[in-house]
Amino acid sequence: MSALAVGSRPAPAATKEHTLARLRATRRARRRRTALVTVVLAVLLLGLTSASVLLGGVGKVEPADVLPAAFGLRTGLADYMIFQLRMPRALAALLAGALFGLAGALYQRLIRNPLATPDIVGISAGAGAGATTVLLYAPASVALGTPLAAVAGAFVLAAAVYALSWRRGVDTYRLVLVGIGLSAVCTTYTNYLFTVADQHSIAVAMRWLVGSTSGADWDGVTTLALGLGGCLLATALLHRPLGSMSLGDQLATGLGTRVGLVRVAALLVGAAAAALATSVVGPIGFVSLISGPVAARLAGADRALVLAPPVGAALVIGADVLAQNAPLISPVPTGVLTALLGAPYFVWLILRRRKKASS
Amino acid sequence: MTPKTLTSSPHAPTAAPRLEARGITVGYGDAPVIEGLDLWIEAGRITALVGPNACGKSTLLKSLARLLPPAAGSVLLEGADIHRLPTREVARRLGILPQSPLAPESITVGDLVWRGRHPHRQFGQRRTAADDEAIADALLATGTAELIDRPVDALSGGQRQRVWIALALAQDTPTLLLDEPTTYLDIAHQIEVLDLLADLNEQTGKTIVLVSHDLNQAALYASTIVALRDGRVVRQGPPAQVLDADLVAEVFGLDCVVVPHPRSDRPQIFPLGRRHLTQER
């Protein structure tokens, strides 16, 4: 080999010091960017939460009473309006939005496709079917029963979608098609339940099915907070293995990642996150689809999983403030507004991918 | 010309092998691609696995890298069963670059190479100085340091392949397995990648195993050639000893003339097509 005269290559321009300095500079710049985005999101969330509690849609509360009531220091109407209605509603919007954002970003990262979110691949429909069953047939055990039934429904759907679309690797279009098919099955089941339920339960379940934060109470907030805590913890454990799995299963295995275990864990965590959020505020559409890409645009693809929860929270509470207070349209269910934002994006995604595939 | 049947000539290792396959049977589903195969990979050498399409060379490489579990037999890494070792431990000793890894959308070169440090990271630990060193060394060795902030999508095929090798180098393993690292590259980039691997082998003593579809390049760069056909080893040894017209006939069913490389003593083959054979007669 040494006898081979290969044309002399130009001397490398980069030195080790230079390269190390560039590595550090890139990392510093990215940290600053992440910090900036985090601060902006925190301020935005604080602002939207205050707006939600202060404006609050229906009912009037003296501005001076709002803050004390929020800490449970008022009784009577102010207590009821602020502490029992508006606070749980705002917190449920924040927490559910964070869970939707997390679920979507997890699935997008795992399946390597922006279309593959729990609502698109049918997981949310499974959660909806589970939750509707409890809402209609066991209204007494709604507080604990709805979240559990939703998670169970989501897990069943996740297993079914996975089993039906897995052929030595996930083909995304098969995944989406299987998801659409199974969603239809779940919708049919839910519709059937409606035909045989009583009028009052139907009214409750209908409002919930469109996706609305208006029914949220402190029980729901507790469920969401516990769920978000657990899901964030699991995501922290899965973050790096998922990063190596974005290079393909073989390379990830070569890098020491237990690919099968991580995939199943991420699927279940994402399904649980979507299901818990759905069980309290209903299937608020498209939040899980948009949050990850917005976070990636703000702070880089590597940070999408970390920042998708606050982005999702901002989307849901922002939509909720509009849904309650916007002139002409309010009050509408929150899910209507997120759909207005998300549906065009979804169509654009599909059209863009079609164009990409045909070119 | 009727191919002579060659007996396999096991190339007995001088020291303990770095990697060893003992009677492995590997396959997808019912049909085994490899049946009862034995192989030694010597430490500090470049070994090339060659053979016709579907001869099992890629399957063998994946088995050696524990990507495919054997149905029977075992793969030993430095004497220990590779499937009994913790996978992260294996990942600190052996790197594998598959044939078509995926680059996440819009990832930069620096971030991609950083992924190679995965087996060295502890949970919750931030990037260490050792990580930065390994990444910088890998970028410099592959001549990709200037590309550090460029998105991988925007690179040429040759640059991209060097970046993937940089990822494998950042993993910093004494053994590196590569599945057809020169596929899809033009001839100049192929030689560039092979030169790089030869340099690494020479300068750091890295044990390299690569699957090659090009007999001549394998003969030029490898110190050991493993010729496979139908999932078994036909011959194994230094190119000058094992690469001859009989072997090419046996393994590829191709007639050829073998001559030394003009600037090296390594054998090179010139294929003889039907028209060349009739002219000869």
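From a predicted model like this one, the values you see are computed outputs, not experimental measurements. Keep in mind that the numbers below use all heavy atoms, side chains included, and drop hydrogens, waters and symmetry copies. A, B, ... follow the sequence lines: proteins, then strands. Residue 1 opens every chain.
Proximity to chain A (any heavy atom under 4.5 Å) is shown, for Leu177(B), by neither the backbone nor the side chain. For Ala145(B), the parts lying near chain A are the backbone and the side chain together; criterion is any non-hydrogen pair under 4.5 Å. Using a 4.5 Å cut-off between heavy atoms, Thr173(B) does not touch chain A at all. For Trp114(B), no part lies near chain A; criterion is any non-hydrogen pair under 4.5 Å. At a 4.5 Å heavy-atom cutoff, Leu194(B) makes no contact with chain A through either its backbone or its side chain. Only the side chain of Asp111(B) has a heavy atom closer than 4.5 Å to any heavy atom of chain A.
Heavy-atom pairs under 4.5 Å with chain A peak, among Glu133(B), His120(B), Arg127(B), Arg117(B), at Arg127(B).
Remark: Arg160(B) pairs with no residue by the salt bridge (Lys or Arg N to Asp or Glu O under 4.0 Å) rule, at least two apart or across chains. Judged as a salt bridge (Lys or Arg N to Asp or Glu O under 4.0 Å), and not counting sequence neighbours, the contacts of Arg162(B) are Glu192(B).
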Under the side chain to side chain donor-acceptor pair (under 3.5 Å) criterion, do Asn113(A) and Tyr107(A) qualify, and how do the steps go?
-> CA-CA 8 Å; Asn113(A) 191 308; Tyr107(A) 271 51; over 6 Å; no

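Interface residues of residues 300-308 of chain A toward chain B, defined by a heavy-atom distance below 4.5 Å and sorted by number: Ala301(A), Asp302(A). Contacts from residues 84-93 of chain B to chain A, taken as heavy-atom pairs separated by less than 4.5 Å, involve Thr87(B), Arg88(B), Ala91(B) in sequence order.
A salt bridge does not link Glu42(B) to Arg18(B): none of the charged side-chain nitrogens sits closer than 4.0 Å to a carboxylate oxygen.
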